[in-house]
Amino acid sequence: DAPGARSASPGYTKWRKAIQEARALLSATYEELGDWMTERSERWHESDRGGDLEADKDRLYEILDGLDELSIRGKAS
């Protein structure tokens, strides 16, 4: 980029793009995790590892939901 280029400057456009990219990656991870977990046995789901991963998946959902609630995500100033 040329000196003084605005593409790397802080601002709503840059922040929105970063949030959109993060959400896309986390969403894909959430879906992949869900698919992977579906393939596991009932015994695995009842294990500590299964419970821990289910809790992590729930927290990931909360993170995604929190990203959707950010005002910066869709409001222009």
Check residues 50-62 and write down every donor-acceptor pair under 3.5 Å in which the side-chain atom is one partner and the other belongs to a residue at least two apart or another chain.
from: Asp56; atom 1: OD1; to: Arg59; atom 2: NH2; distance (Å): 2.4

Using a 3.5 Å cut-off and no angle test, enumerate the donor-acceptor pairs between side-chain atoms of residues 25-40 and protein atoms at least two apart in sequence or in another chain.
from: Thr29; atom 1: OG1; to: Leu25; atom 2: O; distance (Å): 2.9
from: Thr38; atom 1: OG1; to: Gly34; atom 2: O; distance (Å): 2.8
from: Arg40; atom 1: NH1; to: Trp36; atom 2: O; distance (Å): 2.9

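Within 6.0 Å of CG in Asp65 there are more than 12 heavy atoms belonging to other residues, nucleotides or ligands.
If you take CD on Gln20 and CG on Leu67, they are separated by 11.0 Å, rounding to the nearest 0.5 Å. The CD1 atom of Ile19 lies 5.0 Å from the CG atom of Leu70; values are rounded to the nearest 0.5 Å.
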